[in-house]
Peer 1: 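Got a structure for you, questions after.
Sequential numbering from 1 along the given sequence is applied to the chain's residues. Read the numbers this way: they start at 1 and go in the same order the structure lists the ligands and their atoms. Side-chain atoms are counted along with the backbone in the values below, which use heavy atoms only and exclude waters and symmetry mates.
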Amino acid sequence: MARVAFLGLGVMGFPMAGHLAAAGHQVTVWNRTAAKAEAWAGKHTGRAAATAREAAEGAEFVMACVGNDDDLRQVCTAPEGAFAGMQAGAIFVDHTTVSAAVTRELSALAGERGLGFVDAPVSGGQAGAENGQLSVMCGGTPEGYARAEPVIAAYARICRLMGPSGAGQLTKMCNQIAIAGLVQGLSESLHFAEKAGLSISEVVEVISQGAAGSWQMQNRHKTMEENRFDFGFAVDWMRKDLGICLAAADENGASLPVTALVDQFYKDVQNMGGGRWDTSSLIARLRK
Ligand code: NAP
């Protein structure tokens, strides 16, 4: 069992840190809003630290799950940030969805200090974090990954090293690119069914058995029909992720016309007041 710090106890981080404690690791948590860390320590075996630096002191592994590139940079490099407290040989494991560029920048900084850095974004949403069933896609050195993997296992259904630093984030971008077009296609299909006077549940019962079937169709068609959009990953987060994908595509030359279009559709949803709605709310824009 390892000494582990966990930084960022949001929707994802709070239950992930809980799984580490339940697995028997010695866990110290930190959250910018201290009340959440106190609440975590009241519920789990482990302690709350006053700063990221304090949480990281003496830890063999420092896991983080915060918001975006700037948040991660701050949590790592601020005077009271994690890198200042970490001892040489310790490994920073980043579960935030960020750009491959900031990942490589922070990984290089970590290396100068004798620290390991594994980018390890996740998919599986709030339910996956709560059930300990996340898909974890990693980038880094084989040595750093081999040490971190048994710790990540506390909340992973699958965990894999995809390549050098940044490769985990690039894999997460593939995930988001695949979802964007799929949710728009599903929205258009259900919207068309409504306009054609068909029953959505009957249509889905039939077409989900064939090539059009998807996790989104199975799990979201009913709530989409009911115009209920409080079931997970928020539009504001999705726009952050699609922005990262489009910037990376600008660099590597990939052509992402549908992703770019769907990103604008999500902007429309934000303008409708749906920034905190879940990503299946693309259908609300069609019904407008
Ligand atoms: P969240 O509930 O909004 O939590 C964000 C966490 O980051 C909070 O603990 C927040 O602290 C902390 N934070 C933000 N900015 C910070 C800063 N500058 N300094 C220190 N702490 C900061 O978000 P979440 O849903 O857990 O998502 C976290 C990350 O996982 C995001 O990158 C997201 O894209 C990714 N992700 C989310 C899901 C999902 O379904 N939710 C799925 C896959 C990946 P405070 O409490 O003080 O605000």
Peer 1: Anything with a heavy atom under 4.0 Å from ligand 1 counts, so go ahead and list those protein residues by chain and number.
Peer 2: Gly8, Leu9, Gly10, Val11, Met12, Trp30, Asn31, Arg32, Thr33, Lys36, Cys65, Val66, Gly67, Asp71, Gln74, Val75, Thr96, Thr97, Val122, Gly125, Gln126, Lys172, Phe233, Trp237, Lys240
Peer 1: Under a 3.5 Å threshold, yes or no: a donor from one side chain and an acceptor from the other, between Asp119 and Gln169?
Peer 2: no
Peer 1: Suppose clustering is done on Ile, Leu, Val, Met, Phe, Trp and Tyr with side-chain heavy atoms closer than 4.5 Å. Which residues sit in the same group as Leu170?
Peer 2: Met173, Ile244
Peer 1: Would you say Val183 and Val262 make side-chain contact, with heavy atoms under 4.5 Å?
Peer 2: no
Peer 1: Per the side chain to side chain contact (heavy atoms under 4.5 Å, CB included) rule, which among Val75, Leu9, Val62 passes with Trp30?
Peer 2: Val75
Peer 1: Measure from the side-chain N and O atoms of Thr33 to the backbone N and O of Lys36, and report whether any donor-acceptor pair falls under 3.5 Å.
Peer 2: no
Peer 1: Please say whether more than 12 non-hydrogen atoms of neighbouring residues, nucleotides or ligands are located less than 6.0 Å from CZ in Arg287.
Peer 2: yes
